[in-house]
Amino acid sequence: MRPLDLTEKDPSKKVTIYFEGKPYEAYEGEKIAVALLANGIYWLTTSTEGRKRGAFYFGPLPIVINGIKNMDGRKVPVRANMRIERQNYGEFQEEVKIDEKKPVLRYVVDVAIIGAGPAGLGALLEVQEHLTVALIEEKSWLGGDLWLKRVKQKGFDDEPQEVIKAMRDRFNQNVRVFLKTAAIGIFDEGEYFLIPAIRRNQLIEILSKRVVLATGAVDNILLFENNDMPSVFRRAFALEVMNIWGVAPGRKVAVVGSKPEEITAELERWGIDYVIVPNPKRVEGRESVERLIDMNGNVHDVDAVIVADGRRPDINPVTQAGGKLRFRRGYYMPILDMNHRIRDGIYAAGSAVSIKPHYANYLEGKLVGSHILKEFGFETEPCIYEEKLREYEPETVPLHRIEYDSMNLEDVQICGCDVSLKKVYDVVESGITDLQIIKRLTHLAMGFCQGRFCLFNGALLVSQRTGIDMTRIDLPVARPPIKNVRMKVVARRD
Ligand code: ATP
C-alpha cells in the first residue's frame, strides 16, 4: 500500500505515473490529486505570488499532463504512464471546449432539479410518479454531502451510502439523471425555464416548467496564516479522500474551526490520529504543513489540517435566478414565499435554504415536491412535511471575530486567487465598504469559485471593520455562468 492508503486498491488497475519526472504507484480511474496524495505528495501547484498550494483547500488545480497545460488535477482521472508536472496557478484558464460537431442536447421536462443531495432526491421522489424530472448534478455521484459520509445520520435508518442507493433504486421511468453536469444558469424562456448545463464538452439545454434549487451549501473558509498551504483540507475534501478514495489526509491531523464534530467521528472510523485546535493562528512547513501554532502559542506537530467550520448556503444560484436574500442565523439565505419559492416557478430546498441535518434537508425536498404537485393540480398535503420539519430548527453558524491584530494579514488568504486578507483590509480601511467596488479593486470573488467561498468573509470583514450590520451589507448578484465556464458556451445557441 502507498504511504497514505487506507484501503487495498484493485491490483488490476495498478499503473505507474510520473510526477516531476519521478515514478509513482497509481490506480486507473483515481483522480490525479488523490493518487499523488496517497503517495504523500501535497504540493501540486504554485500561486502567482509564489505560494505553494495543494489540491484540497482553494481550487482549481492546474497541472501539465503529457505536455498539455491547463488540466485540472482534481478532475482528471489517472491513466498509465501519465507525465504530470506542476503548473503555475496564475496561468490557469479553465476552459470548456464545446465539441462543435456535437449537436446541443435538448430536453423538455416538468421539473428540473439542480443538485442531487438529500434535498434534490427528496423532491424527485415526491414528484416522479406524476411529473417528468431532470436531475442535474455536477459531481459524479448522487447524494451530495451525505454520500461523503460513512457514519449513520440522524433520521435515516441505514448508513449514508445504503440510504442513497435505496433512493436511487426507487427512481422511475419519468426521471432522467445528468451526472457530472453543471447547471450554469437559469433563464426565463416564455412559459418555461431554460437551464443550460455542461457535461464535459457537451452543451445540454433543459427546458422545464418548474425548477428546484437544491444546490446545497459550501464549507466556510477559515482565516489563519498560511491557510492555503498544501495539506490544508476543506472538510468536504477530507471526507472525499477518505470515504470515496480510501486515502488519508495525513497521519496526524489537526481539526480546526467551530464544527470539529462534522469530521471527528469519520476520522475515528479510519483510526486516523487527530487533535482539535479551535483557535489556529498559523501553519508552517516546507512543502506542506509540519506544525500548527494556535493563538495561545501552543505548537502542534501535525502533517495535515482539516477545516471544519460549518457550511453556509450557496447563494449564487439564488441571486442569479432572481431571488432575494436575507441575513439570519449567521448566513445569507434566500427569502421564500409560503410555498418555498424564491419567485414564481423556482423553488429552493435543503441547505441551499438553511443549515440543518441531512434528514431535514431531505424532508424539505419532499415538502417542495409536494408544493409542486399541488401547483400541477394533484392532491397533496405539504403540511405533513411542514409539520415534520418543525422538529428541526435550523442551526446558527457562529461569526468569527477575525484576529486582525494577532495575525500577519499578508499570510492569510481570503480568496484562493492570490487575494490576501491584507489586500482587502487595506481597501476597507481606506473607507471603501461597497463589496462591488472591493471586488474590482482586490479581485476578491472574481475568480474560479465565483465568490462562493470568499465573498462571505469579505462581507464579514466590512462588517467588523465598519460596524455595518451584516443584514445591511449588499452582496453582489451572481451573474451567469454560475459555474466557471467561458461565456461563449452560454452564448452559443442556435
Ligand atoms: P445536505 O446539505 O444535507 O447534504 P442538500 O441536498 O441540501 O443536503 P448537498 O448535499 O450539498 O445539499 O447537495 C447539493 C448538490 O448540488 C451537490 O451535490 C452539488 O454538487 C450540487 N450542485 C450545486 N450547484 C450545482 C450546479 N450549478 N449544477 C449541478 N449541481 C450542482
Side-chain angles (χ1 to χ4, degrees), residues 59 74-75 96 112-126 134-149 151 153-156 160-161 163-164 167 177-187 195-199 204 206 211-220 234-237 239-240 244 259 262 310-321 331 333-334 340 346-369 389 392 394-395 397 449-450 452-453 478-485 490:
R74 289 208 304 216
K75 292 188 186 154
V96 171
I113 300 174
I114 308 177
L121 294 176
L124 180 149
L125 292 174
E126 191 68 16
L135 180 66
I136 308 163
E137 170 55 57
E138 67 173 321
K139 302 269 168 49
S140 56
W141 62 80
L142 298 176
D145 206 65
L146 181 60
W147 180 255
L148 298 176
K149 301 189 177 167
V151 175
Q153 302 292 309
K154 197 173 154 235
F156 292 111
Q161 300 217 338
V163 168
I164 304 295
M167 289 187 196
V177 179
F178 299 87
L179 283 179
K180 297 187 190 171
T181 306
I184 58 175
I186 297 140
F187 304 93
I195 301 163
I198 308 287
R199 186 172 53 207
I204 301 168
I206 293 160
V211 179
V212 178
L213 296 180
T215 37
V218 291
D219 279 325
N220 295 340
R234 288 206 301 258
R235 176 207 62 106
F237 281 129
L239 285 173
E240 182 181 339
I244 306 282
K259 292 266 179 183
E262 289 187 344
R311 302 198 293 161
R312 291 192 163 93
D314 179 359
I315 53 174
N316 282 9
V318 174
T319 59
Q320 187 279 319
Y331 44 89
M333 55 166 71
H340 251 71
I346 306 181
Y347 294 77
S351 45
V353 171
S354 59
I355 302 305
K356 50 201 178 306
H358 296 297
Y359 190 68
N361 289 325
Y362 170 70
L363 287 177
E364 198 171 32
K366 302 276 280 178
L367 168 67
V368 155
L389 263 170
Y392 298 89
E395 291 166 26
V397 180
C449 83
Q450 323 262 338
R452 290 190 310 138
F453 291 95
R479 309 262 169 233
I482 52 174
K483 293 282 156 171
N484 197 28
V485 294
V490 190

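Just so you know, ligand 1 is whichever comes first in the structure, and atom 1 is the first atom listed for that ligand. What you see below is based on every heavy atom in this structure, not just the backbone, and it leaves out hydrogens, waters and symmetry mates.
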Partner residues of F453 under the ring pair (Phe, Tyr, Trp, His ring centres under 6.0 Å) criterion, sequence neighbours left out =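 Partners of F453 under the ring pair (Phe, Tyr, Trp, His ring centres under 6.0 Å) test: none.
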
ask   = Can you name the residues that form a ring pair (Phe, Tyr, Trp, His ring centres under 6.0 Å) with Y359, not counting sequence neighbours?
value =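 Here the qualifying residues are F156, Y362.
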
request  = Enter the distance from I113:CD1 to T215:OG1 here, rounded to the nearest 0.5 Å.
outcome  = 12.0 Å

query = So do L135 and L121 actually touch side chain to side chain, heavy atoms under 4.5 Å?
reply = yes

task = Please name all residues satisfying side-chain hydrogen bond (donor to acceptor under 3.5 Å, both in side chains) with E395, sequence neighbours left out, ordered by chain then number.
result =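 E395: side-chain hydrogen bond (donor to acceptor under 3.5 Å, both in side chains) contacts with K259.
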
request  = Would you mind checking if E262 and R311 are paired as a salt bridge, meaning a charged N to carboxylate O distance below 4.0 Å?
outcome  = no

inquiry  = Using a 4.0 Å cut-off on heavy atoms, what residues surround ligand 1? Order them by chain and number.
reply    = I114, G115, A116, G117, P118, A119, I136, E137, E138, K139, G144, D145, L146, T181, A182, A183, A214, T215, G216, R311, G350, S351, H358, N361, K483

